[in-house]
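Comments concern the structure below.
Below, chain A is the first sequence line, B the second, and so on; all start at residue 1. When reading the values below, keep in mind they use all heavy atoms of this one structure, side chains included, and skip hydrogens, waters and symmetry mates. Here the structure is a predicted model, which means the values were calculated and not measured.
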Amino acid sequence: MVAISLPDGSQRQYDGPVTGLDIARDIGPGLAKASLACTVDGAPWDLTRPIDRDAAVTLVTGKDEAGLELIRHDAAHVMAEAVQELYPGTQVTIGPAIENGFYYDFARDEPFTPEDLAAIEARMRAIVDRDEAIVREEWDRDEAIAWFKARGEHYKAEIIADLPAGEPLTIYRQGDWLDLCRGPHLPSTGKLGKAFKLTKLAGAYWRGDSRNPMLQRIYGTAWATDNQLKDYLHMLEEAEKRDHRRLGREMDLFHFEDYAPGSVFWHDKGWTLFQTLIQFVRRRQAAAGFQEVNTPDMMDRTLWEVSGHWQNYRENMFTTKTEDERDFALKPMNCPGHMAVYKCALRSYRDLPLKIAEFGKVHRYEPSGALHGLMRVRSFTQDDAHVFCTPDQLRAECLKLNTLILGLYEDFGFEQLTIKLATRPEKRVGSDDLWDAAEGALQGVLDEVVARSDGRVKASVNPGEGVFYGPKLEYVLRDAIGRDWQCGTVQVDFNLPGRFDAGYVGADGDRHVPVMIHRAMFGSLERFTGILIEHYAGRFPLWLAPTQVVVATITGDADGYASEVAAALRAAGLRVDVDLRNEKINYKVREHSHVKVPVIAVVGKREAEERTVALRRLGGASQEVLALDRARDTLKHEALPPDLARRDAAVPATGMVQVA
RNA sequence: GCCGCAGUAGCUCAGCUGGUAGAGCAACGCAUUCGUAAUGCGUGGGUCGGGGGUUCGAGUCCCUCCUGCGGCACCA
């Protein structure tokens, strides 16, 4: 007897071994049809694999996340079968399910072409039509290795050889084709359905290591229903519409040139946005006790040797030799410059913590394949700072930085965060004792931050991902369409101050070495601007919009008044354009809406006579007619950056103009 | 850096197997003064990414370099 308990609490008795499919059939033909796999006491289990003991069984369908994953995994297998049918001699390697889809890495001398994708997809559909039974088999390890080797499947043989000995090794057979796989799988290829599509071709290193040969990866997406597939493809189109490279051109924010790969040409509007962000950070960090400095972009090699960059970061640095044979480097980081500022005076413990900030433009030679719009560039501006403090102050200072950073993100609506602790890398300076201390300090900070965050902040570890001089906390934020971006960092550094022979006089009158904390909040201002463009899809909140208001006339009669309106709004600090062109108002509204101007102030004869403006919000269909003074005050208030808005809210309004 | 793909007017793109370039939008000019997402007519604009080669002849074929796109690797 086998007793099966189901998720609804019911129990079923069977005389002997039973399969998930049997159980599903007993419950109903609809469920039998919909079931893809099951779990047995929580473990994934093939639908047709016998269960010979009492167990809790759950049936998995395409509606479950686990079911979708099965579909994607099977899609990978079916694709591999199709590829090997069409292109004999191609070796299979690995093919997992991933978010929204799957991929499979193949080894083949001939490159796949985009046209091949269509052929492969067609063959996949044929395999689904064949409805081949997918059968689980347990094989002996050595036999499996020999079997794959005999067929020239060297990668697969290598994978099996690396599997821990003693564990049962499972092979899934579908038709004439088979693959090593942990499973589970669908009962047959027909169950896969046809809601899939091959999406892209790419190279990928064997085992993810750039020293290994490059394989050919084919990506696809797969879903339980055609509608889900359609929705997903539609979502991709929408994401493309908010691509910052496209919006940057359409909104006239910036451009790139072939002769400066990875360096931005900011246009007036983009630079206005960029500077607005800098002003915002500047106010916030000044309030937190930072002083702002500026250090040279180019410094002598000897400085970089002291810092260790010349030895550890050279391949990322732009260097130059001058006529007099001196080596210089464009700064890839601001820390050595800030060390110089710190060191140029005798520091006492009373000066600590000393917080030095700089909107420093750094240059890094990034691999050509890494460049990507504003997101990955070779010259960028960091909202960088270094906190020099005593070891006793370290923890409290890290916590203060955390508060500052999280507060900043909230003002842009980024509330879901992951903070990763990146620990010591292989290539590093300093003793293990120092690394132990630094990693311990950050772990402690992280634990406290997570504990106090009400679940908004998640923590994880990135082993070996620290910088060569110290471990770091990486702040990863999630944007409006669910993508994660690493922006801020807090790095603890017990090394650089010593290398630079920096010191302070303690309360005991002796000389001590300070601890240094490196921090960036937005990280790269260029990249953060790109993230914001995509996050807001170009529809910036009023305070960030490069052009906040366009005053547009209906007829030439209103030109004089329009200029008056613009002057009044500009006097209130707003960024205003005037559109006096001899065009229809429809045309003007359409054009300014396309470039995402948040407010269009329409003025015609009527408004001129009544001294009003008709405000039209981006995306809105209606207008609001306000007296000019009223419109000015409303917009001025709305255009306040969040920090200044809070300050104003905290101070009872007096009707007096506030001086920033 | 590696794999694949691409580079034609400001933008989006067409240009079959080689026979010295085309559309829409934008721009400019003229007319139109028209109340909330495209007024009409007209005009100009390209050494087809750079260099080299094959050919009587190259946007089209070959080589090479550059840049971009999608991944991989790397990373803010």
Task: Side-chain heavy-atom pair A:Leu496, A:His518 within 4.5 angstrom cut-off - done: yes

Task: Interatomic distance where OH belongs to A:Tyr259 and P belongs to B:rG7 [whole Å] - done: 22 Å

- [ ] Look at all strands and tell whether A:Gly203 reaches a base, only sugar-phosphate, or nothing, counting heavy atoms closer than 4.0 Å.
- [x] base

Open item on the list: Under 4.0 Å, heavy atoms only, any strand: does A:Tyr313 hit a base, just the sugar-phosphate, or nothing?
Closed with: nothing

Open item on the list: Can you see if the side chain of A:Asn586 gets near the phosphate of B:rU36 - specifically, an N or O under 4.0 Å from OP1 or OP2?
Closed with: no

Open item on the list: Counting only Watson-Crick pairs (N1-N3 plus N6-O4 or O6-N4) and G-U wobbles (N1-O2, O6-N3), all under 3.5 Å, who is the partner of B:rC72?
Closed with: B:rG1

Task: Nucleotide opposite B:rG22 in a Watson-Crick or G-U pair, distances under 3.5 Å - done: B:rC13

TODO: For the residue pair A:Phe540 and A:Tyr536, categorise the inter-ring angle as parallel (less than 30°), tilted (30 to 60°) or perpendicular (more than 60°).
DONE: perpendicular

- [ ] Could you tell me how the ring of A:Phe528 sits relative to the ring of A:Phe522: parallel (under 30°), tilted (30 to 60°) or perpendicular (over 60°)?
- [x] parallel

TODO: Find which nucleotide of RNA chain B each of A:Leu374 and A:Ala260 is nearest to by heavy atoms, and output the residue with the more 5' nucleotide.
DONE: A:Ala260

Open item on the list: Under 4.0 Å, counting only non-hydrogen atoms across every strand here, what does A:Lys588 touch: a base, just sugar-phosphate, or nothing?
Closed with: nothing

Task: Nucleotide forming a Watson-Crick or wobble pair with B:rC30, both distances under 3.5 Å - done: B:rG40

TODO: Quick one: sort the A:Phe106 and A:Tyr104 rings into parallel, tilted or perpendicular, breaks at 30° and 60°.
DONE: parallel

Open item on the list: Less than 6.0 angstrom from the centroid, inside 45 degrees of the normal: does A:Arg581 satisfy that with respect to the ring of A:Tyr587?
Closed with: no

Open item on the list: Taking pairing as Watson-Crick or G-U wobble with both contacts under 3.5 Å, can you name the mate of B:rA6, or confirm there isn't one?
Closed with: B:rU67

Open item on the list: Just to be sure I understand the rule, does A:Gly208 reach a base, reach only the sugar-phosphate, or reach nothing, if contact means heavy atoms closer than 4.0 Å?
Closed with: sugar-phosphate

- [ ] Take atom CG of A:Leu371 and atom C1' of B:rG68, then tell me their distance rounded to the nearest Å.
- [x] 10 Å

TODO: Respond yes when some side-chain nitrogen or oxygen of A:Arg617 is under 4.0 Å from OP1 or OP2 of B:rU36, and no when none is.
DONE: no

Open item on the list: Side chains of A:Thr221 and A:Thr199 only: does a donor on one sit below 3.5 Å from an acceptor on the other?
Closed with: no

Open item on the list: Taking the minimum atom-to-atom distance to the side chain of A:Pro367, which one of B:rG35, B:rG70, B:rG1 wins?
Closed with: B:rG1

Task: Nucleotide nearest A:Thr555 (side chain, heavy atoms from C-beta), chosen from B:rG71, B:rU36, B:rU33 - done: B:rU33

TODO: Report the distance from atom CD of A:Glu591 to atom P of B:rU36, rounded to the nearest whole Å.
DONE: 18 Å

Open item on the list: I need the NE2-P distance between A:His518 and B:rC75, as an integer number of Å.
Closed with: 17 Å

- [ ] Taking only the side-chain nitrogens and oxygens of A:Arg376, find out if one of them lies under 4.0 Å from OP1 or OP2 of B:rC74.
- [x] no

Task: A:Ala202 side-chain proximity, nearest of B:rG70, B:rU36, B:rC74 - done: B:rG70

- [ ] Mind checking A:Ile585 for me? I need base, sugar-phosphate or nothing, with any heavy atom below 4.0 Å counting as a touch.
- [x] sugar-phosphate

Task: Side chain A:Arg378 and base B:rC75 donor-acceptor under 3.5 Å - done: no

Open item on the list: Under 4.0 Å, heavy atoms only, any strand: does A:Lys584 hit a base, just the sugar-phosphate, or nothing?
Closed with: base

TODO: Check every strand shown and say whether A:Ser210 touches a base, only sugar-phosphate, or nothing at a heavy-atom separation below 4.0 Å.
DONE: sugar-phosphate

Task: Residue mapping more 5' on RNA chain B - nearest nucleotide basis, A:Asp258 or A:Ala614 - done: A:Ala614

Open item on the list: Please report the distance, rounded to the nearest Å, between CZ in A:Arg211 and P in B:rC2.
Closed with: 17 Å

Task: Partner nucleotide, any strand, of B:rG35 [Watson-Crick/G-U, under 3.5 Å] - done: none

Task: Between B:rG68 (P) and A:His372 (NE2): distance, integer Å - done: 12 Å

Task: Sugar-phosphate only, base, or nothing, as touched by A:Val362 at under 4.0 Å among non-hydrogen atoms - done: nothing

TODO: Take the protein atom CG of A:Leu580 and the nucleotide atom P of B:rU33, then report the distance between them rounded to whole Å.
DONE: 17 Å

Open item on the list: If only side-chain N and O atoms count, and only distance matters, is there a donor-acceptor pair under 3.5 Å linking A:Asp105 with A:Tyr155?
Closed with: no

Open item on the list: Centroid distance below 5.5 Å plus an interplanar angle below 30 degrees: do A:Tyr587 and B:rA37 meet both conditions?
Closed with: no

Task: Side-chain N,O (A:Arg364) to OP1/OP2 (B:rC74) below 4.0 Å - done: no

Open item on the list: What's the closest nucleotide to the side chain of A:Met214 if the choices are B:rG35, B:rC72, B:rG70?
Closed with: B:rC72

Task: Over-ring placement of A:Lys427 relative to A:Phe468, 6.0 Å and 45° cut-offs - done: no

Open item on the list: Using a heavy-atom cut-off of 4.0 Å across all strands, would you classify A:Gln216 as base, sugar-phosphate, or nothing?
Closed with: nothing

Task: Among B:rG70, B:rG1, B:rU12, the nucleotide that comes nearest once only the side chain of A:Arg249 is considered - done: B:rU12

Open item on the list: Taking any heavy-atom pair under 4.0 Å as a contact, classify A:Glu583: base, sugar-phosphate, or nothing.
Closed with: base

Open item on the list: Need the pair for B:rU54. Rule: Watson-Crick or G-U wobble, both distances under 3.5 Å, any strand; none if unpaired.
Closed with: none

Open item on the list: Does A:Pro261 reach a base, just sugar-phosphate, or nothing at all? Heavy atoms under 4.0 Å.
Closed with: sugar-phosphate

Open item on the list: Apply ring pair (Phe, Tyr, Trp, His ring centres under 6.0 Å) to residues A:Phe414 and A:Tyr475 and explain how you reach the verdict.
Closed with: CA-CA 11 Å; A:Phe414 298 121; A:Tyr475 287 74; over 10 Å; no

Open item on the list: Could you check whether the side chain of A:Tyr205 and the base of B:rG1 have a donor-acceptor pair of N or O atoms closer than 3.5 Å, going by distance alone?
Closed with: yes

TODO: Report yes if a side-chain nitrogen or oxygen of A:Arg246 is closer than 4.0 Å to either non-bridging phosphate oxygen (OP1 or OP2) of B:rG68; otherwise report no.
DONE: no

Open item on the list: Looking at A:Lys200, I'd like to know whether one of its side-chain N or O atoms comes within less than 4.0 Å of OP1 or OP2 on B:rC69.
Closed with: no

Open item on the list: Heavy atoms only, 4.0 Å cut-off, all strands: where does A:Tyr103 land among base, sugar-phosphate and nothing?
Closed with: nothing

Open item on the list: Rounded to whole Å, how long is the line connecting atom CD of A:Glu257 with atom P of B:rG50?
Closed with: 15 Å

Open item on the list: When you measure only distances, ignoring hydrogens and angles, does the side chain of A:Glu607 come within 3.5 Å of the base of B:rG35 through a donor and an acceptor?
Closed with: yes

